[in-house]
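Predicted, not measured: the structure shown is a model, and the values here were computed from it.
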Amino acid sequence: MTAPFPTPKTDEAQRLLSPEELEAALRDIGARRYHNLHPFHRLLHDGKLNKDQVRAWALNRYYYQAMIPVKDAAVLARMTDASLRRVWRQRIVDHDGDAPGDGGIERWLKLAEGVGFARDYVESTQGILSATRFSVDAYVHFVKERSLLEAIASSLTEMFSPTIISERVAGMLKNYDFITKDTLAYFDKRLTQAPRDADFAIAYVKEHATTPALQRQAMDALTFKCNVLWTQLDALYFAYVAPGMIPPDAWTPGAGLVPEQAISQAAGTGTITAHDVPRLPRGVRLRHDAVRDQYVLLAPERTFDLDANAVAVLELVDGQRSVRDIATLLGEKFTADPAVIEADILVMLNDLATKRVLER
């Protein structure tokens with residue numbers, strides 16, 4: 001018998017992928033499984049949730065945020081290479097901060113306070129869903145019990161987070177008048193921190209997943225992490241959207257909130273929202289000081305110097321346009337996101353309102 005035996009075909013699942021193929025496979029997992037695809041997030045970003053549903057999201061997400069440095073400390077403790085520890089420990093600093101009042105957890109607490117929660121209630125975690133706790137705790141146990149490769153690979157959801165952050169910030173600023181840019185300050189730093197962390201993790205996985213079995217473990221670890229994020233939203237949807245079955249001991253609307261106090265204020269002043277129509281009160285005028293080549297806002301016995309941005313806004317304040325209309329016009333003029341502009345000008349307009357040089 002002289003004919004050679006045919007070469008057996010390698011099962012695709014058993015084939016060693018090149019580093020580029022491995023990265024592509026990992027990114028494909030995110031494209032199919034990342035939680036930006038979840039119906040709850042679509043509702044959140046598109047402005048379809050009510051305020052209490054947004055509160056439920058902020059409250060439950062706090063537990064995930066608070067446990068991230070615990071998870072990262074568990075990974076750090078398993079690293080025998082000092083060079084790895086020096087890189088990984090920055091993740092803990094990012095969330096815990098270098099001092100009280102700093103870090104991602106603190107910024108998430110400010111987000112929760114921004115939607116009405118009392119800080120001590122959020123920190124107690126007493127109102128979070130059991131499914132939230134189970135999912136997050138399972139993630140912490142996963143990185144403690146699995147290999148270091150799997151622990152690091154599970155963090156690769158950071159590859160996809162800049163997209164969801166951009167969608168979330170723009171959508172929430174545009175669609176919820178109780179959300180401000182300050183409320184969402186947590187996400188500002190994550191736009192740079194997440195890609196940095198993802199670059200390190202993907203490089204580590206590509207270097208150390210050197211067999212088909214190890215590559216499969218890395219992919220399974222990322223799939224597990226996507227499931228951790230997805231199941232948290234499953235629980236939120238079931239409890240607070242449809243069918244709206246809030247389990248025993250979970251947060252119910254009205255609990256843990258700071259009482260909304262009636263604020264005594266002059267007619268036409270106070271909190272200006274995106275739907276309000278601002279105007280200059282009688283006796284207040286926008287003028288150009290030719291001597292100083294400076295625009296100013298003239299008020300009885302007071303003068304306010306204005307920068308170019310303030311001038312661009314106030315030139316459109318005519319008692320006819322809403323704040324949202326003004327933001328839309330400025331977005332077209334400067335080719336910028338109207339939602340971001342709206343958040344910025346709301347801060348400025350409310351500051352002027354407290355000075356009694358703007359009203360609605």
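- Looking only at distances, a side-chain donor or acceptor of Arg321 sits under 3.5 Å from a matching main-chain atom of Leu316.
- Checked against Tyr186 for a side-chain contact (heavy atoms from CB on, under 4.5 Å), the options Arg107, Glu106, Arg61, Lys110 give a single hit: Arg107.
- Taking the side chain as every heavy atom from C-beta outward, Gln232 and Val136 approach each other to under 4.5 Å.
- Checked against side chain to side chain contact (heavy atoms under 4.5 Å, CB included), Ala203 has no partners two or more places apart in sequence or in another chain.
- In this structure the side chain of Ile128 never reaches within 4.5 angstrom of the side chain of Tyr64, judged on heavy atoms.
- By the 4.0 Å N-to-carboxylate-O rule, Asp52 lies close enough to Arg55 to be salt-bridged with it.
- In this structure, CG on Asp94 lies 8.5 Å from CZ on Arg91, to the nearest 0.5 angstrom.
- No more than 12 heavy atoms of other residues, nucleotides or ligands lie within 6.0 Å of CZ in Arg282, so this atom counts as exposed by the packing criterion.
- Counting non-hydrogen atoms of neighbouring residues, nucleotides and ligands closer than 6.0 angstrom, the CZ atom of Phe178 exceeds 12 such neighbours.
- Ser135 places no side-chain N or O within donor-acceptor distance of the main-chain N or O of Thr132, the cut-off being under 3.5 Å.
- Looking at heavy atoms from C-beta onward, Arg285 lies out of side-chain contact with Leu280 at the 4.5 angstrom threshold.
- Taking the side chain as every heavy atom from C-beta outward, Met172 and Val54 approach each other to under 4.5 Å.
- Of all heavy-atom pairs between His45 and Asn175, the closest is O-ND2, 3.1 Å.
- Follow the hydrophobic side-chain contacts under 4.5 Å out from Leu222 and you never reach Leu37; the two are in separate clusters.
- From Asp289, atom CG reaches atom CG of Asp305 across 8.0 Å, with rounding to the nearest 0.5 Å.
- A continuous path of Ile, Leu, Val, Met, Phe, Trp and Tyr side chains, each step under 4.5 Å between heavy atoms, connects Val311 with Leu329, placing both in one hydrophobic cluster.
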Item to complete: Kindly determine whether Leu173 and Thr183 satisfy side-chain contact (heavy atoms from CB on, under 4.5 Å), including the steps that lead there.
Response: CA-CA 10 Å; Leu173 288 176; Thr183 307; over 6 Å; no
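- Between Leu314 atom CG and Asn309 atom CG the span is 11.0 Å, to the nearest 0.5 Å.
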Practice prompt. Assess whether side-chain contact (heavy atoms from CB on, under 4.5 Å) is satisfied between Met348 and Val313, documenting all intermediate values.
Written response: CA-CA 9 Å; Met348 185 200 81; Val313 174; 3.6 Å; yes
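- Counting only distance, with no hydrogens or angles, the side chain of Gln90 and the backbone of Val87 share no donor-acceptor pair below 3.5 Å.
- Of all heavy-atom pairs between Ala250 and Leu129, the closest is CB-CD2, 3.7 Å.
- No side-chain heavy atom of Ser155 sits less than 4.5 Å from a side-chain heavy atom of Asp72.
- Looking at heavy atoms from C-beta onward, Lys48 lies out of side-chain contact with Arg42 at the 4.5 angstrom threshold.
- Checked by atom type and distance alone, the side chain of Asp177 never pairs as donor or acceptor with a backbone atom of Ala274 at under 3.5 Å.
- Relative orientation of the Phe117 and Tyr121 rings is parallel, given thresholds of 30° and 60° on the angle between their planes.
- Linking Ile, Leu, Val, Met, Phe, Trp and Tyr residues whenever their side-chain heavy atoms come within less than 4.5 Å places Ile92 and Leu148 in a single cluster.
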Discussion item. Under the criterion side-chain contact (heavy atoms from CB on, under 4.5 Å), I'd like the reasoning laid out for Leu191 against Ser166: C-alpha separation, chi angles, the key distance, then a yes or no.
Written reply: CA-CA 8 Å; Leu191 284 170; Ser166 299; 4.2 Å; yes
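- Between the side chains of Asp325 and Ser322, a donor-acceptor pair is found at a separation under 3.5 Å.
- Annotation: the span from Ile105 atom CD1 to Asp96 atom CG amounts to 5.0 Å, rounded to 0.5 Å.
- Looking at residues two or more places apart in sequence or on another chain, you find a side chain to side chain donor-acceptor pair (under 3.5 Å) between Asp137 and Tyr63.
- Side-chain polar atoms of Arg196 and Gln193 form no donor-acceptor pair below 3.5 angstrom.
- Asp234 and His38 share a side-chain donor-acceptor pair at under 3.5 Å.
- By the criterion of side-chain heavy atoms lying less than 4.5 angstrom apart, applied directly or through intervening Ile, Leu, Val, Met, Phe, Trp or Tyr residues, Met79 is grouped together with Val70 in one hydrophobic cluster.
- Salt bridge annotation for Asp220-Arg146: absent, with no cationic side-chain nitrogen under 4.0 angstrom from a carboxylate oxygen.
- Linking ILVMFWY residues whenever their side-chain heavy atoms come closer than 4.5 Å, directly or via other members, places Leu43 and Leu111 in the same cluster.
- With hydrogens and angles left out, the side-chain atoms of Asp182 and Thr180 include no donor and acceptor closer than 3.5 Å.
- Thr223 is listed as a side-chain neighbour of Arg33, based on a closest heavy-atom distance under 4.5 Å.
- Taking a 6.0 Å sphere around CG of Asp249, one finds it holds 12 or fewer heavy atoms contributed by other residues, nucleotides or ligands.
- Here the closest non-hydrogen pair linking Thr328 and Pro338 is CA-CB, 4.2 Å.
- Under the 4.5 Å side-chain criterion, counting only non-hydrogen atoms from C-beta, Arg15 is in contact with Glu21.
- Note on ring orientation: taking the six-membered ring where Trp is involved, the planes of Phe224 and Tyr139 are tilted (angle from 30° to 60°).
- Donor-acceptor pairing under 3.5 Å is recorded for the side chains of Thr273 and Asp276.
- The closest donor-acceptor contact from the side chain of His35 to the backbone of His41 lies at 3.5 Å or more, if one exists at all.
- Val143 approaches Val75 most closely through the heavy-atom pair CB-CG2, 3.8 Å.
- Side-chain atoms of Asp28 never come within 3.5 Å of backbone atoms of Ala24 as a donor-acceptor pair (strictly under, hydrogens ignored).
- A distance below 6.0 Å separates the ring centres of Trp108 and Trp57.
- Ring to ring, Trp88 and Tyr204 are not that close: their centroids are 6.0 angstrom or more apart.
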Discussion item. Before you tell me yes or no, could you show the steps for Tyr62 and Glu123 under side-chain contact (heavy atoms from CB on, under 4.5 Å), namely the whole-Å CA-CA distance, both residues' side-chain angles and the distance that decides it to 0.1 Å?
Written reply: CA-CA 8 Å; Tyr62 168 77; Glu123 290 180 310; 3.8 Å; yes
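- Residues Leu44 and Arg168 come closest through the heavy atom pair CD2-NE, 4.4 Å.
- By the 4.0 Å N-to-carboxylate-O rule, Glu342 lies too far from Lys174 to be salt-bridged with it.
- If you take CG on Asp197 and CG on Leu156, they are separated by 10.5 Å, rounding to the nearest 0.5 Å.
- In this structure, CZ in Arg85 is found 7.5 Å from OG1 in Thr80, a value given to the nearest 0.5 Å.
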Worksheet item: So Glu150 and Ser147, side-chain hydrogen bond (donor to acceptor under 3.5 Å, both in side chains) or not? Walk me through it.
Response: CA-CA 5 Å; Glu150 291 169 288; Ser147 67; 2.9 Å; yes
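- Of all heavy-atom pairs between Asn36 and Glu167, the closest is CB-OE1, 4.3 Å.
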